[in-house]
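Numbering of ligands and ligand atoms starts at 1, following listing order.
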Amino acid sequence: MKCTKCKGSAILELRRHNAAFCAPDFVAFFKNQVREAIRKYRMFSHDERVLVAVSGGKDSLALWDVLIDEGYDTTGLYLDLGIFDYSVESKARCEAFATSRGVPLVISRVADEVGAPVPVIKQVTRRPPCSGCGLSKRYLMNKAAQDQGIAVVATGHNLDDEAATLFGSVMHWQTDALPRQSPALASTHPKLVRRVKPLYRLSERETAAYAFVRKIDYIVDECPFAKGATSITHKETLNRMEEASPGAKHNFLFGFLEKARPAFERIDGVTLNECTRCGQVTSGTVCAFCKLSDQVKRAG
Ligand code: AMP
Ligand code: FES
Ligand code: ZN
């Protein structure tokens, strides 16, 4: 297999792009895709700080690596979910990465903010752990960005994540979720920061290859609570479709973004208030995060 660019020997074939690349040309391809994402959705500029939410996994560390290399002013944010060894090890990877690149890393502990770590939240709420966890992550990312005076949070969501989320929303026709499915969400309230996903054009396989080529030490294990999650089933389904017809995932997601998403945009946007307890944005009076921490406190 030869590199499409230089005709040297290729390390990776990308069937959906009808291309193969050697290591240096793959890195160049990867960075181009990130650049294109940032440009197309005007995610951020070189004149502002970017808060990069890092989980210690390949996607978010690959993202941080590219942004540093591209000269962006980044700060990392690690949310310590308190999920046993998984959190201990993923935190260590983020700290080691930040130290090796000489970039700042902010750490926020869910246990300090909610009153208990994710495994306890799971018991108290008797809901899938990912629901309380996802809620806390979104809230704490926004809060950390505000505390740091940073207007934009970047996450490592990739093409597979985005296609799987879209697939899930479409399977259940969650029309409320569809307009929010975007590589860039603008700030709709002074207390809500922008959220962007610069890796949305790159597949999980590509972020893994990038992390490998760049020798990034990341945590391979998934969160122990992720087992059996529907998002994983959706990813498997989409992978089978991709196998049969390369580019299927890309066409599904990009087709939605370009052709279908505008049809789901609501004109009568929800009114946003400030939570009477914590001051963060909510559609009600007390936000879901404050309700969650109340529930945790009540349970002792
Ligand atoms: P996930 O929802 O686990 O697939 O993660 C999606 C993205 O959310 C990751 O690429 C990170 O950017 C961010 N993220 C997930 N977990 C954490 C964490 N513990 N701390 C900071 N950011 C996270
Ligand atoms: Fe949130 Fe697993 S429950 S990362
Ligand atoms: Zn609140």
Side-chain angles (χ1 to χ4, degrees), residues 50-65 67 74-84 86-95 97-98 105-111 113-114 117-123 125 127-145 152-165 191 195-200 202 204 207 211 218-219 221-229 231-232 234-235 272-295:
V50 181
L51 190 66
V52 188
V54 284
S55 64
K58 59 186 181 328
D59 305 301
S60 48
L61 288 182
L63 170 63
W64 202 5
D65 184 81
L67 297 184
T74 62
T75 296
L77 169 68
Y78 175 76
L79 300 173
D80 186 343
L81 308 169
I83 306 178
F84 320 116
Y86 168 73
S87 289
V88 175
E89 286 183 26
S90 52
K91 178 168 158 235
R93 304 292 155 90
C94 294
E95 287 173 326
F97 182 92
L105 174 70
V106 173
I107 296 176
S108 163
R109 289 179 68 226
V110 168
E113 305 284 340
V114 187
V118 167
V120 175
I121 297 176
K122 170 182 177 259
Q123 278 169 1
T125 56
R127 290 175 63 196
C130 297
S131 67
C133 174
L135 164 75
S136 308
K137 279 185 197 165
R138 280 189 301 277
Y139 181 96
L140 294 175
M141 281 179 197
N142 192 68
K143 185 162 177 275
V152 58
V153 176
T155 56
H157 292 94
N158 58 38
L159 175 60
D160 295 60
D161 296 325
E162 293 301 282
T165 306
K191 286 191 165 181
R195 281 190 289 152
V196 298
K197 302 165 183 169
L199 299 184
Y200 83 97
L202 292 150
E204 204 156 301
T207 59
Y218 64 86
I219 180 155
D221 296 339
E222 293 264 353
C223 162
F225 293 131
K227 283 188 193 79
S231 60
I232 296 184
H234 290 155
K235 279 186 182 175
L272 295 175
N273 315 310
E274 287 179 20
C275 170
T276 51
R277 303 274 291 285
C278 71
Q280 291 281 334
V281 176
T282 173
S283 53
T285 27
V286 175
C287 77
F289 184 85
C290 284
K291 285 182 188 156
L292 177 69
S293 28
D294 278 353
Q295 207 182 347

With heavy-atom distances below 4.5 Å as the criterion, would you say the side chains of Glu95 and Ile107 are in contact? yes
Top protein contact for atom 3 (O) of ligand 1, by heavy-atom distance: Lys137 NZ, 3.7 Å
Hey, are the side chains of Cys275 and Phe289 touching, using non-hydrogen atoms and a 4.5 Å cut-off? no
Under 3.5 Å, N or O to N or O, is Leu79 touching ligand 1 that way? yes
Nearest non-hydrogen partners of Tyr78 and Val54, listed with the distance: CD1-O, 3.2 Å
Enumerate the atoms of ligand 2 whose separation from the nearest heavy atom of Cys223 is less than 4.0 angstrom. 2 (Fe), 3 (S), 4 (S)
For ligand 2, indicate whether the residue Lys137 contacts it via side chain, backbone, both or neither (heavy-atom separation under 4.0 Å). side chain
Looking at side-chain heavy atoms only, is the closest gap between Leu199 and Thr207 below 4.5 Å? yes
Indicate, as side chain, backbone, both or neither, the part of Val52 found under 4.0 angstrom from ligand 1 when only non-hydrogen atoms are considered. neither
Between Cys287 atom SG and Cys290 atom SG, the angle centred on the Zn ion (ligand 3) rounds (to 10°) to 110°
Confirm or rule out an N/O/S atom of Cys133, from backbone or side chain, lying less than 2.8 Å from atom 2 (Fe) of ligand 2. no
Mind checking whether Val153 and Leu51 have side chains closer than 4.5 Å, heavy atoms only? yes
In the protein, what heavy atom is nearest to atom 14 (N) of ligand 1, and what distance, to one decimal place, separates them? Ser55 CB, 3.9 Å
Give yes or no for whether the N/O distance cutoff of 3.5 Å, strictly under, is met between Ala53 and ligand 1. yes
Is any side-chain heavy atom of Leu79 closer than 4.5 Å to a side-chain heavy atom of Met141? yes
Any idea which part of Leu77 is under 4.0 Å from ligand 1, heavy-atom wise: side chain, backbone, both or neither? backbone
I'd like to check which ligand 1 atoms, numbered from 1 as shown, lie under 4.0 Å from a non-hydrogen atom of Ser60. 10 (O), 11 (C), 12 (O)
Could you identify the single nearest non-hydrogen protein atom to atom 21 (C) of ligand 1 and state the distance to 0.1 Å? Val54 O, 3.1 Å
Which atom pair, heavy atoms only, marks the closest approach of Trp64 to Ala98? CH2-CB, 3.8 Å
Do the non-hydrogen side-chain atoms of Gln295 and Thr125 ever get within less than 4.5 Å of each other? yes
State the atoms of ligand 2, each with its element, that fall below the 4.0 Å cut-off from a heavy-atom position in Leu81. 4 (S)
So is Gly156 polar-close to ligand 1, meaning N/O to N/O under 3.5 Å? yes
Using the rule side chain to side chain donor-acceptor pair (under 3.5 Å), only one of Thr165, Asp161, Asp160 pairs with Lys235; which is it? Asp161
Just which atoms of ligand 1 are under 4.0 Å from any heavy atom in Thr155? 12 (O)
Flag side-chain contact, heavy atom, 4.5 Å: Val114 against Ser293: yes
Nearest to atom 7 (C) of ligand 1, what protein heavy atom do you find, and at what distance? His157 CE1, 3.7 Å
